[in-house]
Amino acid sequence: RDYEGSRVALEELVENDLADEKQDKWLDICRAFAEWDCFSWEQAAEKLKGYNAMPEVQPFFGQMGLVRNSLKWFENWKAGGRALHDYAPVYDLLLNAERRAAAKAYDDAMARVYRAVEMYAQFALKNCNPPINTSDVEVAALPESLQKRYETRRNAGGKVQLGLEADYDLLAELDHPVGKVWGTKENKGHRKKVLDMMKKRNYSFLAHGTEPFQEADWQDVRRVVWEFIEEADAEMALRVPFAQTKQLPNDLRQFVFAE
């Protein structure tokens with residue numbers, strides 16, 4: 001799925017008048033997926049919209065719409081606003097990680113997985129009742145039994161800010177469906193397995209270490225994290241879970257144009 005490399009090759013054909021009409025259209029689609037691969041969803045949507053009536057394109061165009069809408073909700077979230085039980089940006093990151101791993105860029109892949117796991121908890125907490133913003137937790141909104149302990153977490157700026165592990169532990173304390181799957185230090189949930197995989201990221205070259213991520217590391221991470229996400233999705237009974245999210249295409253020839 002080297003969309004950028006394919007884009008360059010197709011552009012050379014077009015520039016040298018060696019491309020036919022079908023290849024011109026493939027170039028448009030390739031440009032769209034190259035933008036998508038770089039998280040430029042607005043630009044990708046603009047390039048793809050001329051083909052959204054094609055049956056082969058429709059599922060991807062709809063999937064991109066979910067990512068854009070969910071991310072807009074996430075970025076503009078305000079306490080008291082509407083809930084949105086849609087984790088499409090998380091799934092998009094995980095599928096992007098798969099593509100990076102397929103290109104043997106395992107450190108890049110792991111960086112994306114870490115952000116996806118972190119974002120999954122942030123989405124879940126923002127959808128709680130009352131909602132929780134992990135960058136500035138309103139302690140008074142937490143159950144009374146938790147308030148005293150979380151009050152001690154205030155930093156020098158006077159805010160309670162939570163990281164990945166603390167996010168999930170809070171979900172567990174709130175008895176949230178994701179927290180039930182995550183588990184606690186005492187039970188047999190996914191907590192230890194996922195945290196062990198996240199520690200692998202800390203030793204990688206793109207985090208805090210000097211050791212490049214290997215294919216075996218990637219396979220371990222993919223197995224553990226994908227299993228956790230899919231089980232948590234099932235516990236929440238999401239309308240569009242990760243298991244139903246399509247990977248981007250690896251062959252432009254699947255897009256068939258009418259003569």
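Count residues from 1 along the sequence.
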Note, Val139 side chain near Arg154 side chain (heavy atom, < 4.5 Å)
yes
Nearest-0.5 Å distance, OG1 of residue Thr245 to CD1 of residue Ile229
11.0 Å
Nearest-0.5 Å distance that lies between atom CG in Asp220 and atom NZ in Lys200:
5.0 Å
Could I get the full list of side chain to side chain contact (heavy atoms under 4.5 Å, CB included) partners for Ala109, not counting sequence neighbours?
Ala97, Arg100, Ala101, Trp218
Checking side-chain polar atoms at under 3.5 Å, does Asp92 have a donor or acceptor matched by the opposite partner on Trp41?
yes
Counting distance only, does the side-chain N/O of Gln161 pair as donor-acceptor with the main-chain N or O of Asp136 below 3.5 Å?
no
Over 60° means perpendicular and under 30° means parallel, so classify the ring planes of Tyr168 and Phe228, tilted if in between.
perpendicular
Would Lys246 and Phe60 count as a side-chain contact (heavy atoms from CB on, under 4.5 Å) if you check the C-alpha gap in whole Å, the side-chain angles of each, and the deciding distance to 0.1 Å?
CA-CA 7 Å; Lys246 289 174 65 70; Phe60 295 109; 3.7 Å; yes
About how many Å separate CD1 of Ile132 and CG of Leu171, when rounded to the nearest 0.5 Å?
7.5 Å
Any chance the side chains of Gln43 and Arg31 put a donor and an acceptor closer than 3.5 Å?
no
One pair to check against side-chain contact (heavy atoms from CB on, under 4.5 Å): Leu162 and Arg153. What are the steps and the verdict?
CA-CA 9 Å; Leu162 307 179; Arg153 288 176 171 264; 3.8 Å; yes
If you look at every heavy atom in Ala32 and Leu48, which pair is closest and at what distance?
CB-CD1, 3.7 Å
Note: Lys148-Glu151 ion pair, threshold 4.0 Å (strictly below):
no
From Glu98 atom CD to Leu248 atom CG, the distance as rounded to the nearest 0.5 Å:
10.5 Å
Kindly indicate whether the side chain of Glu227, heavy atoms from C-beta on, has any atom under 4.5 Å from the side chain of Lys193.
yes
Does the side chain of Trp36 come under 3.5 Å of the side chain of Gln63 through a donor N or O and an acceptor N or O?
no
If you define the side chain from C-beta out and look only at heavy atoms, does anything of Tyr91 sit under 4.5 Å from Leu66?
no
For the ring pair Phe242 and Tyr120, is the centre-to-centre distance below 6.0 Å?
no
What are the two closest heavy atoms between Ala141 and Pro130, and how far apart are they?
O-CG, 3.4 Å
Separation between NE2 of His85 and CE of Met236, rounded to the nearest 0.5 Å
9.0 Å
Side-chain contact test, heavy atoms from C-beta onward, threshold under 4.5 Å: evaluate it for Phe123 versus Val90 and give yes or no.
yes
Validation row: Asn133, Glu138 side chains within 4.5 angstrom (heavy atoms)
no
Met198 versus Val225: any side-chain heavy-atom pair under 4.5 Å?
yes
Could you go step by step and tell me if Arg191 and Glu165 meet the side-chain contact (heavy atoms from CB on, under 4.5 Å) rule?
CA-CA 9 Å; Arg191 185 182 191 278; Glu165 182 177 350; 2.6 Å; yes
Listed partners of Glu42 passing salt bridge (Lys or Arg N to Asp or Glu O under 4.0 Å), at least two apart:
Arg68
Leu125 side chain reached by Val137 side chain, heavy atoms, under 4.5 Å
no
Which donor-acceptor pairs under 3.5 Å do the side chains of residues 172-182 make with protein atoms, sequence neighbours left out?
| from | atom 1 | to | atom 2 | distance (Å) |
| --- | --- | --- | --- | --- |
| Glu173 | OE1 | Tyr150 | OH | 2.7 |
| Glu173 | OE2 | Arg149 | NH1 | 3.2 |
| Glu173 | OE2 | Arg149 | NH2 | 2.3 |
| His176 | ND1 | Val178 | N | 2.9 |
| Trp182 | NE1 | Asp169 | OD1 | 2.9 |

Roughly how far apart are Asp107 CG and Gln214 CD, rounded to 0.5 Å?
8.5 Å
After noting the C-alpha distance and the side-chain angles of Glu118 and Arg115, does the key distance pass the side-chain contact (heavy atoms from CB on, under 4.5 Å) rule?
CA-CA 5 Å; Glu118 180 182 54; Arg115 179 60 185 129; 2.8 Å; yes
Flag for Tyr51-Asp28: side-chain donor and acceptor within less than 3.5 Å
yes
Report yes or no: do Val67 and Val240 belong to one cluster of Ile/Leu/Val/Met/Phe/Trp/Tyr joined by side chain heavy-atom distances under 4.5 Å?
no
Do Trp73 and Asn127 come within less than 4.5 Å of each other through their side chains, counting heavy atoms only?
yes
Looking only at non-hydrogen atoms, find the nearest pair between Phe61 and Ala45 and report the distance.
CE1-O, 3.7 Å
Would you name the heavy atoms of Pro89 and Met119 that are closest together and state the gap between them?
CB-SD, 3.9 Å
What pair of heavy atoms forms the shortest contact from Arg112 to Leu93, and how long is it?
CB-O, 3.9 Å
Salt bridge between Asp196 and Lys192, side-chain N to carboxylate O under 4.0 Å?
yes
